[in-house]
Visitor: 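My questions all concern the structure below.
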Amino acid sequence: MRPDTPAAHTTEAERLLRTAARYPGDREPLLLRAAAHRELAGDRPGATALYDELLAGTPAAPHLIRALKAANLWEYGHEAEARAIIDGVRRSRPADAAPWEIAAETLEAHDELEAAEATLTEAAGLLADPAGELPHATRSLLATRHRVRRMLALDHDAWDTRADRLHTGTVPLDELHDPKRLWSLGSSDPAELRAEIARLRSELGTYRTALSRPFPVAVLHWPERELTELLAAYPPLETEYPTYTAHLTDIEASLRELAAAGTPNLGIVRATVPSYEAFAASEATHPSTPALLPQYATTLAARARALPWPPLPTEDCWCGSERGYGECHGADSHA
């Protein structure tokens, strides 16, 4: 169950910090999650301390951490410092969409709509290839930009048109982002309120399942050498993995089935025998137990080890073939 009280968020942050001490290789994502829980608990100085701790080293995502720190600082009275950090993030021109979007949403949350729009437009020009397929994070950035521009009553431009085209919900973006929707929430007319509730349910429905999960739904991928070692050590698992080729086919088929059923936030985690054996020992269960495999996958995903699925057609296939996904396991994809 997800924490829903300040005390529960504090407890979860402490648990994540203990886990980070046990798994130093996963320290950065675990500390970021702990900082988020500290923010939700109302301990904003404590969250800042974790962001500073990460930035004191050589983090993998420094721009993201700075953007999160700025958002947190502004919430407890450090506006000047937050603005300076956001300016620094923009000057650094990160190649990832998330720092841009967090910086812009921070500005938007504090009624700096023009600055938010300028930030998102700069990011779109840098990251959104006009002709190529866009990753999910960049699509999200375009949708956020669409919302901010709608609040500013700006005419649609090419990026807004593309955001409309990429949007898959039943309610158009123009309606979802209509400022008048906020006014209807204050109406005393039951019919207007029911209509607004219906629109909100439509908007939130596609995100409900994803928001209830702190990590992706992940499928295990055993590289060929690891699978050979696993089956040599634990023959009962041959019923799960009759051949390596069948294993790869099952991964892609399982993920497509989950996607077709509407399951969001899918991923693949790469398994190793030493890691699996250590997990089995921590669960006091023999590694040859098939029921342990999905638990192992979930644990790896919780430790931020999942690669998002599906990759873009031009990205390397998840199987390690060094071919593009569109020419390998995604060759006959209709997703």
Side-chain angles (χ1 to χ4, degrees), residues 1-120 122-123 137 140-141 144 147-148 207 210-215 301-305:
M1 182 178 295
R2 301 179 73 198
D4 56 5
T5 66
H9 282 295
T10 298
T11 299
E12 179 64 10
E14 292 172 350
R15 185 191 70 79
L16 289 165
L17 292 174
R18 290 194 298 271
T19 304
R22 292 175 55 197
Y23 300 101
D26 301 321
R27 179 173 175 271
E28 183 170 330
L30 291 169
L31 260 62
L32 284 176
R33 289 173 58 194
H37 282 289
R38 282 187 173 177
E39 289 188 29
L40 292 168
D43 181 13
R44 293 195 174 275
T48 295
L50 289 180
Y51 294 135
D52 286 339
E53 184 177 341
L54 285 167
L55 291 169
T58 54
H63 304 307
L64 173 64
I65 297 169
R66 291 190 181 97
L68 290 168
K69 179 183 174 181
N72 181 56
L73 284 169
W74 204 324
E75 291 299 322
Y76 72 108
H78 297 273
E79 177 182 340
E81 185 177 356
R83 286 182 182 277
I85 293 173
I86 289 173
D87 288 343
V89 169
R90 291 182 64 179
R91 286 195 301 272
S92 65
R93 297 172 63 81
D96 299 320
W100 290 99
E101 188 165 7
I102 292 168
E105 288 183 336
T106 300
L107 293 164
E108 179 191 5
H110 295 279
D111 297 322
E112 300 279 351
L113 292 178
E114 290 83 0
E117 195 275 338
T119 301
L120 292 163
E122 184 179 354
S140 175
L141 184 144
T144 299
R147 182 186 69 243
V148 171
Y207 301 107
L211 290 172
S212 69
R213 296 192 183 97
F215 42 80
R303 291 167 55 194
R305 293 297 183 88

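Values below: every heavy atom of this structure, side chains too, minus hydrogens, waters and symmetry copies. Since we're looking at a predicted model, the values are computed, not measured.
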Visitor: Would you name the heavy atoms of S140 and E101 that are closest together and state the gap between them?
Guide: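 Smallest interatomic distance, heavy atoms only, reads OG-OE2, 3.0 Å.
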
Visitor: For R93 and E122: C-alpha separation, side-chain torsions, deciding distance, then whether side chain to side chain contact (heavy atoms under 4.5 Å, CB included) applies.
Guide: CA-CA 9 Å; R93 297 172 63 81; E122 184 179 354; 3.7 Å; yes

Visitor: What is the minimum heavy-atom distance between A13 and A34, and which atoms define it?
Guide: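 Heavy atoms only, the tightest pair is CB-O, 3.6 Å.
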
Visitor: Locate the shortest heavy-atom distance separating A97 from A137; write the atom from each residue and the value.
Guide: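 Scanning both residues completely, I find the closest heavy atoms to be CB-O, 3.6 Å.
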
Visitor: Take E39 and E75 through the side chain to side chain contact (heavy atoms under 4.5 Å, CB included) test and state the conclusion after the steps.
Guide: CA-CA 10 Å; E39 289 188 29; E75 291 299 322; over 6 Å; no

Visitor: In the structure I gave you, are the side-chain heavy atoms of I86 and R83 within less than 4.5 Å of one another anywhere?
Guide: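 Not touching, per the 4.5 Å side-chain cut-off.
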
Visitor: Using the side chain to side chain donor-acceptor pair (under 3.5 Å) criterion, which residues pair with E81? Sequence neighbours excluded.
Guide: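 Side chain to side chain donor-acceptor pair (under 3.5 Å) list for E81, sorted by chain: empty.
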
Visitor: Is there a side-chain contact between L107 and E114 in this structure, where contact means two heavy atoms from C-beta onward sitting under 4.5 Å apart?
Guide: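 Counting from C-beta outward, L107 and E114 never come under 4.5 Å.
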
Visitor: Going by heavy atoms in the side chains, are L50 and L17 under 4.5 Å from each other?
Guide: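 They are in side-chain contact.
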
Visitor: Donor-acceptor pair, distance only, cut-off 3.5 Å: does the side chain of R44 make one with the backbone of Y76?
Guide: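 It does not hold such a pair.
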
Visitor: Just wondering, do K69 and H78 contact through their side chains at under 4.5 Å, heavy atoms?
Guide: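 They are not in side-chain contact.
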
Visitor: Who passes side chain to side chain donor-acceptor pair (under 3.5 Å) against R15, sequence neighbours left out?
Guide: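 R15 satisfies side chain to side chain donor-acceptor pair (under 3.5 Å) with E12 once adjacent residues are dropped.
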
Visitor: Looking at A47 and A35, what are the two nearest heavy atoms and their distance?
Guide: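 So the minimum-distance heavy-atom pair works out to CB-O, 3.5 Å.
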
Visitor: Could you tell me whether the side chain of D96 reaches within less than 4.5 Å of the side chain of H63, counting heavy atoms only?
Guide: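 Not touching, per the 4.5 Å side-chain cut-off.
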
Visitor: Between L73 and T48, is there a side-chain heavy-atom distance shorter than 4.5 Å?
Guide: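 Yes, their side chains come closer than 4.5 Å.
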
Visitor: Take D43 and T10 through the test side chain to side chain contact (heavy atoms under 4.5 Å, CB included) and record every step on the way to the result.
Guide: CA-CA 8 Å; D43 181 13; T10 298; 5.8 Å; no

Visitor: Assess the residue pair Y51 and R66 against the criterion (side chain to side chain contact (heavy atoms under 4.5 Å, CB included)); give the C-alpha distance rounded to whole Å, side-chain angles, the decisive distance to 0.1 Å, and a yes or no.
Guide: CA-CA 8 Å; Y51 294 135; R66 291 190 181 97; over 6 Å; no

Visitor: A36: what forms a side chain to side chain contact (heavy atoms under 4.5 Å, CB included) with it, not counting sequence neighbours?
Guide: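 Once residues adjacent in sequence are excluded, A36 has no partner under the side chain to side chain contact (heavy atoms under 4.5 Å, CB included) criterion.
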
Visitor: Tell me the closest heavy-atom pair linking A67 and I102, and the distance in Å.
Guide: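 Closest approach of A67 to I102: O-CG2, 3.6 Å.
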
Visitor: Under 4.5 Å between any side-chain heavy atoms of H110 and T106, yes or no?
Guide: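 They are in side-chain contact.
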
Visitor: Is any side-chain heavy atom of I65 closer than 4.5 Å to one of E28?
Guide: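 With C-beta onward as the side chain, the pair touches.
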
Visitor: Kindly compute the distance separating CG (L30) from CG (L54), expressed to the nearest 0.5 Å.
Guide: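 Reported to 0.5 Å precision, the distance equals 10.0 Å.
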
Visitor: For L113 versus V148, what's the shortest heavy-atom pair and its separation?
Guide: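 Looking at all heavy atoms of both residues, the shortest contact is O-CG1, 3.6 Å.
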
Visitor: Nearest 0.5 Å, what's the CG-CZ distance between L32 and R27?
Guide: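 So the CG of L32 and the CZ of R27 are separated by 10.0 Å.
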
